[in-house]
Protein chains: 2
Amino acid sequence: MSLSGPSVSAGPADPLVWDSVRDRLHDRGLRWTPQRRVLVAVLAETRGHVTGAELVERCRERDPATIPSTVYRTLDVLEDLGIVRHGHGPDGREEYHVLPDAIHGHLHCKACGSTWELEATDVTALVRALDDEHGFEVDLSHVTIVGRCRRCRD
Amino acid sequence: MSLSGPSVSAGPADPLVWDSVRDRLHDRGLRWTPQRRVLVAVLAETRGHVTGAELVERCRERDPATIPSTVYRTLDVLEDLGIVRHGHGPDGREEYHVLPDAIHGHLHCKACGSTWELEATDVTALVRALDDEHGFEVDLSHVTIVGRCRRCRD
DNA sequence: TTAAATGCAAAGGGTTTGCACCGGA
DNA sequence: TCCGGTGCAAACCCTTTGCATTTAA
């Protein structure tokens with residue numbers, strides 16, 4: 001488990017992954033537009049998870065003319081490409097995970113609102129048990145476990 | 001884990017629990033109104049989980065004059081009494097769990113949409129590991145794990 | 001009597017949709 | 001040229017809030 005702060009942490013991502021987005025769109029006959037460039041740029045400096053609304057907001061910082069529906073439609077496309085995944089956060093909102101090759105879930109403290117990443121190794125036993133006993137295949141990227149963190153338990 | 005069907009299963013609950021609601025409200029200086037009677041009656045024949053919207057709908061079946069805000073406000077009160085709990089389902093909506101004395105989470109198949117209850121024993125290892133390693137106390141009633149069930153994995 | 005609860009209406013928030021126009025390839 | 005994308009606006013859905021009115025106790 002790694003601390004990721006109350007909401008989201010950001011940092012530069014592997015440029016190669018993002019450079020390829022254009023080509024992957026072209027391969028499918030889809031287009032590389034200025035609006036998509038903005039969203040991809042935003043995603044490239046995002047680590048962890050963000051809500052759709054947050055992405056809209058960040059795109060607007062780069063291009064005030066950003067339209068929400070365009071962002072959401074592009075997110076759909078990028079999800080098809082496997083570049084983002086979406087799940088639902090503790091507040092029930094759409095939550096996007098960037099670069100799901102580092103698949104993880106989330107731990108959320110309902111007392112202080114902090115969120116931590118939950119790595120695959122943390123839930124190995126659960127994943128294996130559900131598979132063995134019920135044949136259920138867990139989609140970890142979609143998991144958010146709510147509770148209280150150590151500090152808030154006092 | 002117990003099968004609960006694609007959405008919700010219903011059945012008669014322990015009458016004693018529901019009879020006491022009136023008294024528990026009175027103990028707090030709160031009131032036993034016709035509208036609350038309707039909601040409690042609906043909850044009494046509900047097992048598992050329901051969304052707020054579903055509860056509004058079922059109340060309307062009994063009393064077409066049902067107002068959503070009243071239902072949601074009463075749900076808040078009942079949550080204070082520990083009679084329901086709420087979390088967030090796979091679609092991100094408010095989801096209420098009835099009679100949390102049988103606390104459980106949920107398994108949701110994103111392929112067929114079925115939902116199963118996840119009992120405490122299914123996640124013992126996870127709960128213990130998170131506690132031991134990170135001091136995190138899991139609120140199982142808030143957990144929904146998404147993935148694919150045995151049938152849909154083919 | 002009187003604080004709690006209701007009804008109504010309106011706002012709220014994030015997300016989705018329809019449709020005419022625009023513009024990458 | 002032509003189909004995919006965009007902008008805009010409106011719709012959507014569930015949920016929450018404010019406020020005057022009603023009602024349980």
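Residue numbering restarts at 1 for every chain, and letters A, B, ... go by the order of the sequence lines. Given the structure is predicted, the values throughout are model-derived calculations rather than measurements.
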For this session: Report the residue (A:Arg31 or A:Val56) whose heavy-atom-nearest nucleotide on DNA chain C is the more 5′ of the two.
Result: A:Val56
Measure [atom1]/[X] against [atom2]/[N] and give the value in whole Å, please.
| X | N | atom1 | atom2 | answer |
| --- | --- | --- | --- | --- |
| B:Arg60 | C:dC8 | CZ | C1' | 13 Å |
| B:Leu75 | C:dT6 | CG | P | 11 Å |
| B:Glu54 | D:dC14 | CD | P | 10 Å |
| B:Glu57 | D:dC13 | CD | P | 13 Å |
| B:His26 | D:dT23 | NE2 | P | 17 Å |
| A:Leu25 | C:dG23 | CG | C1' | 16 Å |
| B:Arg73 | D:dT16 | CZ | P | 11 Å |
| B:Trp32 | C:dA4 | CH2 | P | 18 Å |

Problem set entry | Paired stretches of DNA chain D - 3 or more consecutive Watson-Crick or G-U pairs, each distance under 3.5 Å | C:1-10 with D:16-25, C:12-14 with D:12-14, C:16-25 with D:1-10
Problem set entry | A:Arg62 side chain reached by A:Val42 side chain, heavy atoms, under 4.5 Å | yes
Exercise. With a 4.5 Å heavy-atom cut-off, do A:Arg37 and A:Trp32 have their side chains touching?
Worked result: yes
For this session: Identify whether any heavy atom of A:Arg36 sits under 4.0 Å from a base atom; if not, whether one sits that close to sugar-phosphate; answer base, sugar-phosphate or nothing.
Result: sugar-phosphate
For this session: Using a heavy-atom cut-off of under 4.0 Å over every strand shown, decide if A:Thr33 touches base, sugar-phosphate, or nothing.
Result: sugar-phosphate
Problem set entry | Pairwise 5' ranking along DNA chain D for B:Asp76 and A:Ile67, keeping only the more 5' one | A:Ile67
Exercise. Please walk me through it: do B:Leu43 and B:Leu55 pass side-chain contact (heavy atoms from CB on, under 4.5 Å)?
Worked result: CA-CA 8 Å; B:Leu43 290 173; B:Leu55 289 172; 3.8 Å; yes
For this session: Measure from the side-chain heavy atoms of B:Leu30 and tell me the nearest of C:dT6, D:dG5, C:dA4.
Result: C:dA4
Exercise. Do the side chain of A:Arg28 and the base of D:dG4 come within less than 3.5 angstrom through a donor-acceptor pair of N or O atoms?
Worked result: no
Exercise. What about A:Ser69, does its side chain sit under 3.5 Å from the base of D:dC8 through a donor-acceptor pair?
Worked result: yes
Exercise. Would a distance-only check, ignoring hydrogens and angles, find a side-chain to backbone donor-acceptor pair under 3.5 Å from A:Arg24 to A:Leu81?
Worked result: yes
Exercise. Taking the side chain from A:Thr66 and the backbone from A:Cys59, do they hold a donor-acceptor pair closer than 3.5 Å?
Worked result: yes
Exercise. Any chance the side chains of A:Thr46 and A:Arg58 put a donor and an acceptor closer than 3.5 Å?
Worked result: yes
Problem set entry | Under 4.0 angstrom between A:Gln35 side-chain N/O and D:dG7 OP1 or OP2 | yes
Problem set entry | Stepwise side-chain hydrogen bond (donor to acceptor under 3.5 Å, both in side chains) check, A:His86 with A:Glu79 | CA-CA 8 Å; A:His86 85 281; A:Glu79 187 154 18; 2.9 Å; yes
